[in-house]
Amino acid sequence: MIQVQLPDGTVLDKDDHSTALDIAAGISDGLRRATVAADIDGQVVDATRPLAELTDLRPVPLKLLTTRDAEAAAVLRHSCAHIMARAVMRLYEGVGLAFGPVRGNTFYYDFDLDTPIREDDFPKIEAEMKRIIREAEPFERFTMNRADSIQLCQDLGQELKVEHIETGLADHEELSFYRQGEFVDLCRGPHLPHAGMVRAFKVLSVAGSHWKGDASNRPLQRLYGTAFFDKKELRAWLEQLEEAKKRDHRVLGSRLKLFTISPEVGQGLCLWLPKGATIRATLEDFIRDELLRSGYTPVYSPQIGRVEMYETSGHFPYYRDSQFAPLFGHSAGQLVDYWIRALDPDDADVSPPTADQEQSLLEAARVMGFPADDFPLNGSTDDKRRRLREWERQQERYLLRPMNCPHHVQMYRAIPRSYRDLPVRLAEFGTVYRHEQSGELNGLLRVRGFTQDDAHLFCTPDQVEEEFRKTLQLVQYVLDAVGMDDYRVQLSTRDPASDKYVGSEELWEQAESTLRSVLSKADIPFTEVAGEAAFYGPKADFMVKDCLGREWQLGTVQLDYNLPERFELEYIGPDNRPHRPVMIHRAPFGSMERFVGVLIEHFAGAFPLWLAPEQIRVLPLSEKSDAYAVDVAERLQKHGFRVTADLQSARVQAKIREAQLELIPYMLIVGPREAEQNAVSVRCRIDGDLGVMSFEDALDRFIKERDARTVRQIVKSTMADVGETTASVGEY
RNA sequence: GCUAGCGUAGCUCAAUUGGCAGAGCUCCGGUUUUGUAAACCGGAGGUUGUGGGUUCGAGUCCCACCGCUAGCUCCA
């Protein structure tokens, strides 16, 4: 006999081989049918496995997971991924299985398959899945030792699974498989009792991916899908997705005339239209005030800087491909630069030129004015590179700046610094340019030219903690000012295995532990992610989600012991000796582009009064009241409001509708009655008609609301709660 | 950059197997003089992303390029 304890405290005596499903059946038949999996001491497991083999705890702490539990939905989706894979294997020849995990409300399965799967193929895949679901076969778990597992996967022709057992699962003695009819898959589980429990599903999209997420590995096809226990839930989720898309900043940005991106200007280069620019300027004014209060000093620096400086900082060598190519004062520069890269045996992106190609390169360079006469075309690669480098070094080479820090570093260096001057806080809305991959560009959220609300703090090691704490508070303060409370703090540290970071182990450890301790002391919950650090130092990133649930980094605070080292920065200490300062990089908004993009979605375009590009619109009832409307608008404008008067020859209903669709916070309807008493009829975008009040009362109300920066959201983002299920189901 | 999809008026979309490029909104002109989410009439607006090809004939089929979207990879 085995004792089982249910969440309500009831303890049951059961047969040794009893399963969760048996227990459910013992309570009621309805519960048996609804039972999807079991939770034993926090572990989600198959409902069909004997409880005795799942835990040593007695009595067994059992929680039945039914179709109502979030963890159960994850199990459902994972099983549905298996069903989809089974359908694909029935429809296509030679399908290699990779991974098929659950991601939020969706799941995917990666296939190694030569025939491209197209959207047109979804109906036939779904039809096959339906057939499998109708068959309602059970998911049967079995385990094998390593050798047998490898043999089985080989027999099944699943090479990727063999590779995974040999590499990723090297420390597993025993491996589990799930069988569903003819379909057998290496899988950790858990799964549904049987396929018939899938009541609603949909194949969503197909995309490319790579084996184990490495772009140098073989390309795979990733099929996305979703599943629910109930058709209504599926429909509701799809509708929610459609709703969420309506707050897309790209759609609202063009409907509300906030910004545009023209291919003729260039991909990823945004054009701020007057209304978007107003929002941005308001935010800039807001943060500028805060910075002055916090002891920052504004500075300005140019958009380009010499390549040599970026070589010192490390940007140029480390991030060459994501920068725009250097600008040369000399026409031959670009060509010579390419040639040098092509001769570099370590540069995998450019293959070495053939003799013919080199001849052509030399001819072209000569035409452009390169001194080619005594060029050692038949000499060694080293000779050629030396010669080209020598020439290149004499040229003026500039980089469109990818970051502001080197410029600010030069400002720090321009003046001898004493410990008494520190911390030095240099702030600039610095525009930077990065050559992001074309597939990465996304509206305002990922662009090639953007402006950071950047600042660099230079302080003594003693001041680091205090300064770091204050910058974190600043980020929280600005997010709070716009009511953005839906963020996550990520401590981005280096990946010790990677070579893309500069500086010594000790400096990194020092920086990372400082960060960790400040975050903990400030009581800010954070998740630590290795490998996400900047190349010069770790950072605390403030992450938010867009309307589709994708996460973006906004504010960031970065700790840097490396650039001061590389640029040999100094200050004179109390001991009259030179010391090395520590740098803090920080940007509370991150970039104006991304911040405004996220903000548009956050407010669904309905900006609070202090941010709205057009704050108030005066709507005369007819032309008879035009003069009074203009008068009201002018008086509001004198108090600093962004206000217009709608003098169209239209009915007031039409004017209201238009203002409402343009998400203007306040409408003032004025007719002869109002004109007579110097009054306005106030209509609020959110609350509707507020009735007639005197001009002064209305003005007072607007001033209070604006100056308090009151934030009211019409609708809360719905995508924020879509898709966070963390149950441990999925691939090994 | 990779995989898949998409590109018709400023916007949202239509155009049968390849057979005369169309509608609503916006915009412009006029009528209307209006009380809290759409008054009425008329007009303009296009080398169907660009370039090539197949065809008697291409928005529709093929190729290349440009751009957009989702995902992947990347992200200082």
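Taking every side-chain heavy atom of A/Lys500 into account, B/C75 is the closest of B/G35, B/C75, B/U34. Considering only the side chain of A/His315, B/A76 comes nearest among B/U34, B/G35, B/A76. When the nucleotides B/A76, B/A70, B/U32 are ranked by their closest atom to the side chain of A/Ser649, B/U32 comes out on top. Checking B/A76, B/A39, B/A4 against the side-chain heavy atoms of A/Pro116 singles out B/A4 as nearest.
Remark: the separation of the P atoms in B/C41 and B/G49 is 33 Å, to the nearest Å. Using atom C1' as the reference point in both B/G10 and B/U48, the two lie 16 Å apart (nearest Å). As rounded to the nearest Å, B/G24 and B/A9 have C1' atoms that lie 12 Å from one another. Across B/U54 and B/G18, the matching C1' atoms stand 12 Å from one another, rounded to whole Å.
Looking at heavy-atom distances under 4.0 Å, A/Arg250 makes contact with sugar-phosphate atoms alone, never a base. Here A/Tyr318 lies out of heavy-atom contact (under 4.0 Å) with every strand. Within the nucleic acid shown, A/Gln653 comes within 4.0 Å of sugar-phosphate atoms alone, with no base atom in reach, counting heavy atoms only. The residue A/Pro402 sits close to a base: some heavy atom pair falls under 4.0 Å. Across all strands shown, A/Ser254 has no heavy atoms under 4.0 Å from either base or sugar-phosphate atoms. Residue-level contact check: A/Arg255 touches neither bases nor backbone, having no heavy atom under 4.0 Å from any strand. Among the atoms of the strands shown, base atoms are found under 4.0 Å from some heavy atom of A/Pro672. Residue A/Ala659 is out of contact with every strand shown, counting any heavy-atom pair closer than 4.0 Å. At the heavy-atom level, A/Arg222 lies under 4.0 Å from the strands shown only through sugar-phosphate atoms. Within the nucleic acid shown, A/Ala533 comes within 4.0 Å of sugar-phosphate atoms alone, with no base atom in reach, counting heavy atoms only.
Only at 4.0 angstrom or more do the heavy atoms of residues 449-458 of chain A sit from any atom of RNA chain B, so none qualifies. Within residues 205-214 of chain A, the residues that have a heavy atom under 4.0 Å from RNA chain B are, in order of number, A/Val206, A/Ala207, A/Gly208, A/Ser209, A/His210, A/Gly213.
For B/G1, one of the phosphate oxygens OP1 or OP2 lies less than 4.0 angstrom from a side-chain nitrogen or oxygen of A/Ser438. Contact annotation: A/Arg550 side-chain N/O to B/G71 OP1/OP2 distance is under 4.0 Å. A close approach under 4.0 Å does occur between a side-chain nitrogen or oxygen of A/Asn442 and OP1 or OP2 of B/A70. Between A/Gln267 and B/G67 there is a side-chain N or O to OP1 or OP2 distance below 4.0 Å. When the side-chain nitrogen and oxygen atoms of A/Lys655 are compared with OP1 and OP2 of B/A37, none of them lie within a distance under 4.0 Å. Here A/Arg118 reaches the OP1 or OP2 of B/G5: one of its side-chain N or O atoms lies under 4.0 Å away.
A/Arg673 has no carboxylate O lying under 4.0 Å from a charged side-chain N of A/Glu676, or vice versa, which leaves the two without a salt bridge. Ion pairing of A/Lys245 with A/Glu242 is present here, as a side-chain N (NZ or NE/NH1/NH2) and a carboxylate O approach within less than 4.0 Å. Using a 4.0 Å cut-off between charged nitrogen and carboxylate oxygen, A/Arg218 and A/Asp110 do not count as a salt-bridge pair. Contact check on A/Arg434 versus A/Glu436 returns no salt bridge, with no Lys/Arg side-chain nitrogen under 4.0 Å from an Asp/Glu carboxylate oxygen. Look at A/Arg494 and A/Glu512 and you find a salt bridge, because one of the NZ, NE, NH1 or NH2 atoms lies within 4.0 Å of a carboxylate O, short of that distance. A/Asp120 has a carboxylate O that lies under 4.0 Å from a charged side-chain N of A/Arg118, or vice versa, which qualifies the two as a salt bridge.
Both geometric conditions, a ring-centre gap below 5.5 Å and a plane tilt below 30°, are fulfilled for A/Tyr319 over the base of B/A76.
Between the base of B/G67 and the side chain of A/Glu264 there is no donor-acceptor pair shorter than 3.5 Å. Judged by distance alone with a 3.5 Å cut-off, no donor-acceptor contact links the side chain of A/Gln221 to the base of B/U3. Below the 3.5 angstrom threshold, one finds no donor paired with an acceptor across the side chain of A/Ser313 and the base of B/A76. Side-chain atoms of A/Arg446 come within donor-acceptor range of the base of B/C75, with a qualifying N/O pair under 3.5 Å.
In summary, the aromatic rings of A/Phe99 and A/Trp211 are positioned with their centroids under 6.0 Å apart.
Atom CG of A/Asp560 and atom CD1 of A/Ile584 lie 10.0 Å apart (nearest 0.5 Å).
When the nearest nucleotides of RNA chain B are assigned to A/Ile669 and A/Asp321 by heavy-atom distance, the more 5′-ward of the two goes with A/Ile669. Checking A/Gly688 against A/Tyr536, the closest nucleotide of RNA chain B that is more toward the 5' end is the one next to A/Gly688.
Between A/Asp248 and A/Cys547 the shortest heavy-atom distance is CA-SG, 3.7 Å. Across every non-hydrogen atom of A/Gly449 and A/Tyr433, the tightest pair is CA-CD2, 3.6 Å.
Atoms CG (A/Leu661) and P (B/U26) sit 10 Å apart, rounded to a whole Å. Here B/A70 presents its P atom at 9 Å from NZ of A/Lys245, a figure rounded to the nearest Å.
Across all strands shown, B/U48 remains unpaired; no Watson-Crick or G-U wobble contact has both distances below 3.5 Å.
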For this session: Output, in order, the C-alpha distance, side-chain angles, deciding distance and verdict of side chain to side chain donor-acceptor pair (under 3.5 Å) for A/Asn404 and A/Glu428.
Result: CA-CA 9 Å; A/Asn404 304 309; A/Glu428 176 179 12; 5.8 Å; no
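Side chains of A/Arg701 and A/Tyr666: a donor-acceptor N/O pair is present below 3.5 angstrom, by distance only.
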